Amino acid sequence: AFQGSGVQASRAAARGALSRARPIGGMFFCCADSSGGQTVEAVNEVQPLDEAAPAEPQPQVVGAKAEEAAKVAHAEEVAVQERSSHFTVVVEKSEAKKTVGISVDRLDTKILQVIVVGEGLLSTYNASADEGKKITPGCFILAVNGISGDSLAMIEEMKTKTKLEFKVAPILEFLVTIKKEAGKPLLLDLQYQPDSVCLMVNQVGNGRVKAYNDAVTDESKKVKPGDRIMEVNTVKGTASELVKVLKEADEVTLKVARPAP
């Protein structure tokens with residue numbers, strides 16, 4: 001826990017590292033230990049790619065053509081922003097209110113998922129914000145004051161800075177139902193902390209989940225690395241409870257979540 005700022009990360013995330021994955025009944029799981037060190041330990045090391053050949057020099061665009069190209073690029077950027085469901089929230093600490101007031105899960109080390117919104121700056125903001133612009137449990141914080149891709153750095157920014165600008169993505173959820181078959185395991189590589197409220201998909205192996213993915217034509221409904229499993233057979237709770245249901249049930253319906261595009 002981080003005292004004095006009203007920002008909390010999962011207790012296991014704050015104190016320990018994730019152990020290497022181990023196979024359990026055709027699935028792979030990671031769980032927290034108390035050995036210290038980094039929050040997430042890679043399950044499979046990534047081999048470096050061959051060094052790319054130097055790019056061919058591109059002709060420079062100058063004058064009126066450069067101005068036109070800049071206008072086109074700006075228009076494309078605006079169009080992307082208009083299609084996106086992401087939104088920005090700006091709050092500022094004061095002598096009367098210094099607490100941000102959220103609990104977050106930093107399981108994948110790159111973005112933060114909001115677990116609880118308590119009394120503080122963000123609950124005050126939520127009270128007057130439009131329904132689709134509120135920071136609520138389940139949504140994702142993608143950046144804080146322009147800092148992204150590093151959950152620890154984002155938490156530090158929340159703790160130490162007075163003015164905070166959050167880039168937020170709503171939660172996108174969908175259901176996946178898979179029936180287990182003898183000799184055909186799920187083969188999911190999952191990362192979790194015992195006191196988290198979800199399981200994070202690290203990798204999809206060549207098993208029943210991949211078969212489901214191959215049969216689904218809608219790309220947005222496929223299970224992908226980085227997805228969170230929030231419920232298993234309507235059960236929500238700690239990661240340990242979700243794992244228990246996942247291992248014991250003959251058929252599983254997963255509520256899968258990710259940041260909305």
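Quick caveat: nothing in here was measured; it's all calculated off a predicted structure.
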Give a yes or no answer on whether the side chain of Asn233 reaches the backbone of Glu251 with a donor-acceptor pair at less than 3.5 Å. yes
Is there a path of hydrophobic side-chain contacts, each under 4.5 Å between heavy atoms of I, L, V, M, F, W or Y residues, that connects Val116 with Val197? yes
Should side-chain heavy atoms under 4.5 Å link Ile, Leu, Val, Met, Phe, Trp and Tyr, which residues sit in the same cluster as Val90? none
Working to the nearest 0.5 angstrom, can you tell me the gap between Tyr125 OH and Leu164 CG? 13.5 Å
Quick one: pull up NZ in Lys210 and CG in Leu188 and give me the separation to the nearest 0.5 Å. 13.0 Å
I'd like to check Lys221 versus Val176 (side-chain heavy atoms, cut-off strictly below 4.5 Å). Are they in contact? no
Hey, is the main chain of Lys163 close enough, under 3.5 Å, to the side chain of Asn145 for a donor-acceptor pair? yes
Given side chains that start at C-beta, do those of Arg106 and Leu152 come closer than 4.5 Å, heavy atoms only? yes
Any sub-3.5 Å donor-acceptor pair from Asn126's side-chain atoms to Ile135's backbone N or O? yes
Within this structure, what is the CD-CG distance for the pair Glu156 and Asp150, rounded to the nearest 0.5 Å? 10.5 Å
Is there a chain of hydrophobic side chains (I, L, V, M, F, W, Y, each step under 4.5 Å between heavy atoms) that links Met230 to Ile102? no
Could you give the distance from CG (Asn202) to CG (Leu190), rounded to the nearest 0.5 Å? 8.5 Å
Less than 3.5 Å apart, which donor and acceptor atoms pair up between the side chains of residues 252-261 and the rest of the protein, not counting sequence neighbours?
{"from": "Thr253", "atom 1": "OG1", "to": "Thr177", "atom 2": "OG1", "distance (Å)": "2.9"}
{"from": "Lys255", "atom 1": "NZ", "to": "Glu231", "atom 2": "OE2", "distance (Å)": "3.4"}
{"from": "Arg258", "atom 1": "NE", "to": "Asp227", "atom 2": "OD1", "distance (Å)": "2.8"}
{"from": "Arg258", "atom 1": "NH1", "to": "Ser220", "atom 2": "O", "distance (Å)": "2.7"}
{"from": "Arg258", "atom 1": "NH2", "to": "Lys222", "atom 2": "O", "distance (Å)": "2.7"}
{"from": "Arg258", "atom 1": "NH2", "to": "Asp227", "atom 2": "OD1", "distance (Å)": "3.4"}
{"from": "Arg258", "atom 1": "NH2", "to": "Asp227", "atom 2": "OD2", "distance (Å)": "2.8"}

With a 4.5 Å heavy-atom cut-off, do Gln193 and Asp105 have their side chains touching? yes
Treat each ILVMFWY residue as a node, draw an edge where side-chain heavy atoms are under 4.5 Å apart, and state whether Phe87 and Val117 are in one component. yes
Heavy-atom distance under 4.5 Å between the side chains of Leu242 and Tyr192, does that happen here? no
Once you round to the nearest 0.5 Å, how far does CG of Leu112 lie from OG of Ser103? 10.5 Å
Taking the side chain as every heavy atom from C-beta outward, state whether Val201 and Val209 have any atom pair closer than 4.5 Å. no
Please determine whether a side-chain nitrogen of the Lys or Arg among Glu119 and Lys97 lies less than 4.0 Å from a carboxylate oxygen of the Asp or Glu. yes
Lys167, NZ: over 12 other non-hydrogen atoms inside 6.0 angstrom: no
Leu142 reachable from Leu172 in the ILVMFWY side-chain graph, under 4.5 Å edges: no
Could you give me the CA-CA distance, side-chain angles and deciding distance for Phe166 and Glu157, then say whether side chain to side chain contact (heavy atoms under 4.5 Å, CB included) is met? CA-CA 11 Å; Phe166 298 92; Glu157 194 76 3; over 6 Å; no
When you compare the side chain of Val114 with that of Thr136, does any pair of heavy atoms fall below 4.5 Å? no
Any His86 side-chain heavy atom under 4.5 Å of Phe140 side chain: no
